[in-house]
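Below: the structure, in structure tokens.
In what follows, every heavy atom counts, from backbone to side chain, and hydrogens, waters and symmetry copies are set aside.
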Amino acid sequence: MIEENMMLIADKMKLAFLRRIFDQVREREGSLSAMEAFSVEVIHDLHEPTIREFAAFLNISQSNATYKVNSLIKKGYIEKQNSITDRREYHLVLTDKYYGYTNTVREYVDKMCQQVEKTFTEEEQKLLSQFLERLAATID
């Protein structure tokens, strides 16, 4: 039962994510290719990675990662920001243009949270929060 419910939630979140990606890759000025859309999502989830960290995560060469990053910079979705600890290194930072496209999944999570608040007691909400926190800590 837990597995089916987890799959149901995962599938719904995946569909919301894919809808957003599809919206981003539509033919229009400055739109992202599917690969660029996935790349910018990886950058988001890695929380301001260096190009080296981005390349290592995707298991691609640093030159390939640099090519992808330069395309995203040119389209205005990310910027390079000097590292505080090593001025030779850059972190990839998302721009306001990126955040203008990212509301779908956040809106879906907000909708789920509103449902939880309407449906569950305060005690159930605390338990759910604790369960989710423990679950998140175990997932890589």
Side-chain angles (χ1 to χ4, degrees):
M1 177 142 170
I2 290 175
E3 183 177 348
E4 290 102 20
N5 289 329
M6 292 291 269
M7 285 304 299
L8 181 63
I9 290 170
D11 287 346
K12 287 183 177 193
M13 292 188 80
K14 181 174 56 174
L15 285 172
F17 171 76
L18 292 172
R19 180 184 300 129
R20 187 180 83 224
I21 294 297
F22 183 77
D23 284 344
Q24 288 179 348
V25 300
R26 289 202 178 135
E27 296 296 321
R28 61 179 180 245
E29 183 74 25
S31 70
L32 299 171
S33 70
M35 188 57 67
E36 288 170 333
F38 287 122
S39 294
V40 79
E41 290 302 322
V42 167
I43 291 167
H44 174 266
D45 291 343
L46 290 177
H47 306 288
E48 299 185 3
T50 62
I51 292 178
R52 185 177 334 127
E53 292 166 338
F54 174 65
F57 179 83
L58 293 178
N59 199 25
I60 60 176
S61 69
Q62 194 155 341
S63 61
N64 191 354
T66 300
Y67 175 80
K68 291 179 187 317
V69 163
N70 287 339
S71 176
L72 291 169
I73 290 170
K74 185 177 178 182
K75 291 184 178 185
Y77 289 90
I78 63 171
E79 298 173 340
K80 287 182 183 177
Q81 194 172 75
N82 274 71
S83 172
I84 295 169
T85 57
D86 184 348
R87 302 299 275 167
R88 298 169 295 173
E89 201 168 58
Y90 292 94
H91 287 271
L92 306 176
V93 178
L94 300 166
T95 65
D96 289 340
K97 186 173 184 178
Y98 166 80
Y99 287 107
Y101 285 100
T102 61
N103 291 332
T104 305
V105 173
R106 173 59 65 190
E107 288 170 6
Y108 187 79
V109 170
D110 289 344
K111 182 178 164 184
M112 285 192 328
C113 289
Q114 289 171 5
Q115 283 301 113
V116 166
E117 289 172 1
K118 282 196 256 182
T119 309
F120 295 177
T121 66
E122 259 189 65
E123 187 175 321
E124 290 172 326
Q125 290 177 46
K126 285 179 187 177
L127 277 173
L128 178 60
S129 180
Q130 290 170 353
F131 291 151
L132 292 172
E133 184 178 346
R134 284 174 51 197
L135 179 62
T138 65
I139 298 172
D140 243 349

Report summary line: Between Leu128 and Phe120 the two heavy atoms that sit nearest each other are CD2-CE1, 3.6 Å
Query raised in the report: Do Val116 and Leu132 belong together in a cluster built from hydrophobic side chains that touch within less than 4.5 Å?
Result: yes
Requested in this report: Apply the side-chain contact (heavy atoms from CB on, under 4.5 Å) test between Val40 and each candidate in Leu94, Thr95, Val69, Asp45; give the one that qualifies.
Outcome: Leu94
Report task. Report yes or no: do Ile73 and Tyr99 belong to one cluster of Ile/Leu/Val/Met/Phe/Trp/Tyr joined by side chain heavy-atom distances under 4.5 Å? Result -> yes
Query raised in the report: Do Tyr98 and Ile78 come close enough that some side-chain heavy atom pair is under 4.5 Å?
Result: no
Query raised in the report: More than 12 non-hydrogen atoms from neighbouring residues, nucleotides or ligands closer than 6.0 Å to CE on Met112, yes or no?
Result: yes
Query raised in the report: Taking C-beta and beyond as the side chain, do Tyr90 and Thr50 meet within less than 4.5 Å on heavy atoms?
Result: no
Query raised in the report: What pairs with Asp86 under side-chain contact (heavy atoms from CB on, under 4.5 Å), at least two apart in sequence or on another chain?
Result: Ser83, Arg88, Glu89
Report summary line: The reported gap from OG1 in Thr119 to CD in Glu124 (rounded to nearest 0.5 angstrom) is 9.5 Å
Report task. Kindly indicate whether the side chain of Leu72, heavy atoms from C-beta on, has any atom under 4.5 Å from the side chain of Leu32. Result -> yes
Query raised in the report: Atom NZ in Lys68, atom CD1 in Ile43: separation rounded to 0.5 Å?
Result: 10.5 Å
Report summary line: One should read off an interatomic distance between Glu48 CD and Gln81 CD, to the nearest 0.5 angstrom, of 6.0 Å
Report summary line: Of all heavy-atom pairs linking Lys97 and Gly76, the shortest is CB-O, 3.4 Å
Report summary line: One should read off an interatomic distance between Gln125 CD and Cys113 SG, to the nearest 0.5 angstrom, of 9.0 Å
Query raised in the report: Could you state the interatomic distance from OG1 (Thr66) to CD1 (Ile60), rounded to the nearest 0.5 Å?
Result: 8.5 Å
Query raised in the report: For Leu135, does its backbone N or O pair with a side-chain atom of Thr138 as donor and acceptor, under 3.5 Å?
Result: yes
Query raised in the report: Looking only at heavy atoms, what is the nearest atom pair of Phe54 and Ala65, with distance?
Result: CD2-CB, 3.7 Å
Query - Any side-chain heavy-atom pair of Glu53 and Leu92 under 4.5 Å - result: no
Requested in this report: Check whether more than 12 heavy atoms from other residues, nucleotides or ligands sit under 6.0 Å from atom CD1 of Ile84, and answer yes or no.
Outcome: no
